[in-house]
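This is a predicted model, so every value here is computed, not measured.
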Amino acid sequence: MEPLVSKLFTPIQIRDITIPNRVWMSPMCTYSAATGSGLPTDFHQAHYAARAAGGVGLVMVEATGVNPVAPISPVDLGLWSHDQIEPFSRVTAAIRAGGAVPAVQLAHAGRKASTDAPWNGGGYVGPETNGWETVGPSPLAFPGLPAPRELTVSEIQEVVQQFAGAAVRADQAGFDVVEIHAAHGYLLHNFLSPISNKRTDSYGGSLENRARIVLEVIDAIRAVWPEEKPVFMRISTTDWVEENPQDDRESWTLSQSRQLALWASEHGVDLIDASSGGLDIVPIPHDRDYQTAKAADLHASTGVTVAAVGRIDDAQTAHNLVDSGDVNAVFLGRPLLKDPSWANQAALALGAEPRYVHQYDYVL
Ligand SMILES: Cc1cc2nc3c(=O)[nH]c(=O)nc-3n(C[C@H](O)[C@H](O)[C@H](O)COP(=O)(O)O)c2cc1C
């Protein structure tokens, strides 16, 4: 029998990079760097190599801080200094050896930074316990965390340049894709959402002003990142406030996300990774497609290349999302923690060709 041609298991070319299929590993913090160092360890190498050899087309390395106060926790990764390049290059080599495209998510955690690893409770850690003072667009706290210090305009410009500096180091470490983390209530999302941004200067107020830092980050990265390599951006398509009739706050919404996706694409972002939420603690629906439906909307309404993520845990769902043209690719998180070879197993279940590395291919 001829193998089924599932679009999920066909390559996608973005700029000059060909990604062998459309099942990708979603960024997931592993809280496994040596405290305060930002340096990848043997664990990172083994963890990412296993998912690459398991058949995903692209591995997105977890949120990686662009400066020393950008990580979510003191045990997160960072690309803020030269000595971090070489350990990251071992991670990219391991991902390539598994046949996947190495990608990294560049992040600044903003008002949700400086927290403990989740298995230690995830609470705020202060400067006396390897933490730091957090920063944000306005001195407004995320529930349960301290209020951040408001960034000055010159500090905003510094953060923009730090994203670019991290992109230069990501290129030197061998990454083919960088993703700007503008989702989940971290710094760039703090600027986008009227809930966390009450500034009255050119970085607050109108949608154009709230999106300014994001577009500046894209421009700064594009100025230093190779033309032939893609830039992705993860956004929260909604704060899940407009969906709640009891909550009448002005918030970040799907229609603003559509505008941001168009602007981002004009500024050189090649793909929107469409997640949601994280800005505040609010009710989120339990429907399986709670997030992927918004990703599909974003793709249909803007024509921008979009990847969906969230609760895509069976092969048929992943196949349907991509084969229908609803989205261009899918990111998987927890399913890949359970089963590093999820992508190859999904290919087999769908009757498509798995992407075995040659070391396994000749016996399977
Ligand atoms: C342990 C863990 C760590 C995560 N870390 C990140 C991260 O570093 N950056 C990010 O954008 N999302 C992060 N996420 C969210 C995932 O990338 C993904 O969007 C989410 O888990 C939903 O997908 P899933 O249902 O396939 O797990 C994390 C999720 C988990 C479970």
Side-chain angles (χ1 to χ4, degrees), residues 12-17 19 27 58 60 63-64 66 70 79 103-108 110 137 151 153 156-171 175-184 186-194 197 199 201-238 252-275 294-295 297-307 327-329:
I12 177 169
Q13 184 178 340
I14 307 181
R15 296 199 185 227
D16 287 358
I17 302 298
I19 306 170
L58 173 145
M60 183 66 69
T64 294
V66 300
L79 265 172
V104 62
Q105 185 183 54
L106 301 182
H108 189 310
L151 287 168
V153 170
I156 292 173
Q157 294 308 316
E158 233 173 280
V159 168
V160 168
Q161 289 314 313
Q162 285 161 341
F163 269 93
V168 168
R169 290 182 278 277
D171 180 46
F175 286 104
D176 278 346
V177 176
V178 285
E179 174 168 277
I180 299 164
H181 196 350
H184 300 169
Y186 298 121
L187 187 72
L188 298 180
H189 187 184
N190 294 161
F191 274 88
L192 291 171
S193 177
N197 182 351
R199 296 180 79 96
D201 60 10
S202 60
Y203 289 95
S206 65
L207 172 59
E208 212 170 10
N209 282 357
R210 283 180 279 117
R212 188 175 308 281
I213 185 174
V214 175
L215 302 183
E216 287 180 350
V217 165
I218 299 168
D219 290 345
I221 288 180
R222 268 280 159 233
V224 296
W225 181 247
E227 186 70 27
E228 66 275 13
K229 292 187 180 183
V231 174
F232 294 179
M233 185 163 80
R234 176 165 274 198
I235 65 168
S236 286
T237 55
T238 176
W252 183 250
T253 61
L254 182 59
S255 72
Q256 295 174 71
S257 293
R258 293 190 193 110
Q259 180 60 70
L260 179 66
L262 290 170
W263 283 337
S265 132
E266 284 163 22
H267 283 251
V269 163
D270 303 291
L271 176 140
I272 297 288
D273 169 5
S275 188
K294 295 199 188 271
D297 176 301
L298 204 61
H299 180 54
S301 57
T302 63
V304 170
T305 303
V306 170
V327 292
N328 304 91

> Could you walk me through whether Val231 and Ile180 pass the side chain to side chain contact (heavy atoms under 4.5 Å, CB included) check?
Replying inline: CA-CA 8 Å; Val231 174; Ile180 299 164; 3.9 Å; yes

> How close do Asp270 and Pro230 get, heavy atom to heavy atom, and via which atoms?
Replying inline: OD2-CA, 3.2 Å

> Which heavy-atom pair separates Val224 from Ala167 by the least distance, and what is that distance?
Replying inline: CG2-CB, 4.4 Å

> Is a side-chain donor or acceptor of Ser301 paired with a backbone partner of Asp297 at a separation under 3.5 angstrom?
Replying inline: yes

> Hey, does the side chain of Ser275 reach the backbone of Ile235 with a donor-acceptor pair shorter than 3.5 angstrom?
Replying inline: no

> Looking at CG of Leu262 and NE2 of His267, how far apart are the two atoms once the value is rounded to the nearest 0.5 Å?
Replying inline: 11.0 Å

>> Tell me the closest heavy-atom pair linking Ala220 and Ala164, and the distance in Å.
In response: O-CB, 3.5 Å

>> For a side chain to side chain contact (heavy atoms under 4.5 Å, CB included) check, start with the C-alpha distance between Met233 and Val214, then their side-chain angles and the critical distance, and finish with the verdict.
In response: CA-CA 10 Å; Met233 185 163 80; Val214 175; 3.6 Å; yes

> If you look at every heavy atom in Val66 and Ala166, which pair is closest and at what distance?
Replying inline: CG1-CB, 3.8 Å

>> Using side chain to side chain contact (heavy atoms under 4.5 Å, CB included), reason through Glu216 and Val159 one step at a time and then give a plain yes or no.
In response: CA-CA 10 Å; Glu216 287 180 350; Val159 168; over 6 Å; no

> Who pairs with His108 by side-chain hydrogen bond (donor to acceptor under 3.5 Å, both in side chains), at least two apart in sequence or on another chain?
Replying inline: none

>> Atom CD of residue position Glu227 - does it have more than 12 heavy atoms of other residues, nucleotides or ligands inside 6.0 Å?
In response: no

> Listed by chain and number, what are the side-chain hydrogen bond (donor to acceptor under 3.5 Å, both in side chains) partners of Arg210, not counting sequence neighbours?
Replying inline: Gln256

> Just wondering, more than 12 heavy atoms not from Glu208 lying within 6.0 Å of its CD?
Replying inline: no

> Would you call Tyr203 and Val153 a side-chain contact if the rule is heavy atoms closer than 4.5 Å?
Replying inline: yes

> Does Gln161 use its side chain to pair, donor to acceptor, with the backbone of Phe163 at less than 3.5 Å?
Replying inline: no

>> Under a 3.5 Å distance rule, please check whether His299 uses its side chain to pair with a backbone N or O of Val304 as donor and acceptor.
In response: yes

> If you take all heavy atoms of Ala107 and Ala63, which pair is closest and at what distance?
Replying inline: CB-CB, 3.9 Å

> Between CD1 of Ile12 and CG of Leu271, what distance do you get to the nearest 0.5 Å?
Replying inline: 7.0 Å

>> Suppose we screen for side-chain hydrogen bond (donor to acceptor under 3.5 Å, both in side chains). Which residues come up paired with Asp171, at least two apart in sequence or across chains?
In response: Lys229

> Given side chains that start at C-beta, do those of Leu106 and Phe175 come closer than 4.5 Å, heavy atoms only?
Replying inline: no

>> Do Leu58 and Phe232 make a side-chain contact, defined as non-hydrogen atoms from C-beta onward lying under 4.5 Å apart?
In response: yes

> After noting the C-alpha distance and the side-chain angles of Trp252 and Leu260, does the key distance pass the side chain to side chain contact (heavy atoms under 4.5 Å, CB included) rule?
Replying inline: CA-CA 11 Å; Trp252 183 250; Leu260 179 66; 3.8 Å; yes

>> Donor-acceptor check, side chain of Ser236 to backbone of His184, threshold 3.5 angstrom: yes or no?
In response: yes

>> Just verifying a value: how many Å separate Asp273 CG and Thr305 OG1, rounded to the nearest 0.5 Å?
In response: 12.5 Å

> Leu298 versus Lys294: any side-chain heavy-atom pair under 4.5 Å?
Replying inline: no

>> Working to the nearest 0.5 angstrom, can you tell me the gap between Gln105 CD and Tyr186 OH?
In response: 9.0 Å

> How many angstroms lie between atom OG1 of Thr64 and atom CG of Leu79, to the nearest 0.5 angstrom?
Replying inline: 6.0 Å

> Picking from Ile156, Ile218, Leu151, Asn197, what satisfies side chain to side chain contact (heavy atoms under 4.5 Å, CB included) with Ile213?
Replying inline: Ile156

> Which distance, rounded to the nearest 0.5 Å, do you find between the NE2 of His181 and the CZ of Arg234?
Replying inline: 6.5 Å

> How far apart are the closest heavy atoms of Leu187 and Pro137, and which atoms are they?
Replying inline: CD1-CD, 4.3 Å

